Amino acid sequence: MSRSRKSLGDFGERYARVHLARSGYEILSNNLRLSAGEIDIVARDGETLVFVEVRTRRGDRLGSPEESITPRKGQRLVELALEYLQLMPGPEPSWRIDVVAVEMGKGGTVSRVEVYKNAVDASGLPG
């Protein structure tokens, strides 16, 4: 991954954490490494455990950020969520996968941020 792309992704994740916290989410962890990969953000929204994938794009030449969630990526997100849940003691809590789409405009400003709740269902397909 290029330094520019990593920098963009890091910015998007920081922005998403602030946005989610202001929206009432309790941020529990970020950039959590598991054997199946990395979970961008683990949060709680009320009683629900939320696994958040952040997608950040400059412009729409490659499509919107949320359009970059392919069925394969959706399945990977489910695998990550299930791995995390196996590590937790006690009964499995209610959970979901959200996607935060961050679009950057000219001059490096955020032009749009959207939170898609239940963006991926338990089968890995868009919700």
Side-chain angles (χ1 to χ4, degrees):
M1 177 182 307
S2 72
R3 172 173 248 147
S4 168
R5 189 169 157 205
K6 172 140 178 49
S7 177
L8 178 66
D10 290 346
F11 174 84
E13 288 178 19
R14 285 191 309 273
Y15 193 91
R17 283 193 305 273
V18 170
H19 183 79
L20 291 170
R22 287 182 179 161
S23 299
Y25 287 62
E26 176 189 359
I27 306 301
L28 304 176
S29 182
N30 61 286
N31 302 114
L32 181 65
R33 304 276 318 144
L34 299 170
S35 65
E38 182 179 276
I39 300 173
D40 292 338
I41 300 170
V42 179
R44 189 168 298 286
D45 183 20
E47 295 296 315
T48 304
L49 188 62
V50 185
F51 302 97
V52 182
E53 175 69 10
V54 180
R55 304 304 260 192
T56 307
R57 292 263 173 100
R58 279 190 189 102
D60 59 3
R61 185 173 53 91
L62 299 174
S64 69
E66 56 272 28
E67 290 173 332
S68 69
I69 303 292
T70 63
R72 183 175 181 174
K73 180 61 177 180
Q75 186 58 45
R76 171 70 57 105
L77 294 171
V78 170
E79 290 170 10
L80 286 162
L82 293 174
E83 182 179 348
Y84 182 93
L85 291 167
Q86 287 180 335
L87 298 172
M88 292 182 66
E92 183 177 298
S94 65
W95 62 278
R96 69 174 191 254
I97 298 172
D98 291 359
V99 170
V100 176
V102 180
E103 280 187 1
M104 303 298 292
K106 296 186 192 287
T109 61
V110 173
S111 60
R112 181 177 74 93
V113 61
E114 295 280 338
V115 178
Y116 295 92
K117 294 184 178 186
N118 287 313
V120 176
D121 69 18
S123 69
L125 297 173

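For clarity, every value in this text was computed on a predicted model and none was experimentally measured.
Side-chain atoms of D98 and Y25, non-hydrogen and from C-beta on, do get closer than 4.5 Å to each other. Residues L87 and L34 meet the side-chain proximity criterion, which asks for heavy atoms closer than 4.5 Å. Side-chain atoms of F51 and V120, non-hydrogen and from C-beta on, never get closer than 4.5 Å to each other. Taking 4.5 Å as the limit, some side-chain heavy atom of P93 sits within range of a side-chain heavy atom of L85.
Using modelled atom types, one side-chain atom of S111 and one backbone atom of E103 make a donor-acceptor pair closer than 3.5 Å. A donor-acceptor pair under 3.5 Å is formed between the side chain of S23 and the backbone N or O of H19.
A119 and V99 get closest at one heavy-atom pair: CB-CG2, 3.5 Å. Closest of all the heavy-atom pairs between A16 and V100 is CB-CG1, 3.7 Å. In plain terms, the two heavy atoms of T48 and R96 that are nearest each other are CG2-NH1, 3.9 Å. The two residues I69 and G74 make their nearest non-hydrogen contact at CG2-N, 4.4 Å.
Atom CG of L8 and atom CE of M104 lie 6.5 Å apart (nearest 0.5 Å). The distance from atom CG of N118 to atom CD1 of I97, rounded to the nearest 0.5 Å, is 9.0 Å. Once rounded to the nearest 0.5 Å, the distance linking CG of L82 with CD of E92 reads 7.0 Å. M88 contributes atom CE, which lies 5.5 Å from atom CG of L49 (distance to the nearest 0.5 angstrom). Note that the CG atom of D10 and the CG atom of N30 stand 10.0 Å from one another [nearest 0.5 Å]. If you take CZ on R33 and CD1 on I39, they are separated by 10.5 Å, rounding to the nearest 0.5 Å.
Using a 4.0 Å cut-off between a side-chain N of Lys or Arg and a carboxylate O of Asp or Glu, R112 and E66 qualify as a salt bridge.
By the criterion of side-chain heavy atoms lying less than 4.5 angstrom apart, applied directly or through intervening Ile, Leu, Val, Met, Phe, Trp or Tyr residues, V18 is not grouped with V115; the two fall into different hydrophobic clusters.
The one candidate from E53, R17, R55 that meets the side-chain contact (heavy atoms from CB on, under 4.5 Å) condition with D40 is E53.
S35 and E83 share a donor-acceptor pair across their side chains, judged by distance under 3.5 Å alone. Looking only at atom types and distance, the side chain of N31 has a donor-acceptor partner in the side chain of E13 under 3.5 Å away.
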Side chain to side chain contact (heavy atoms under 4.5 Å, CB included) between F11 and V110, intermediate numbers included: CA-CA 10 Å; F11 174 84; V110 173; 3.7 Å; yes
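Atom CZ of R76 has 12 or fewer heavy atoms from other residues, nucleotides or ligands within 6.0 Å.
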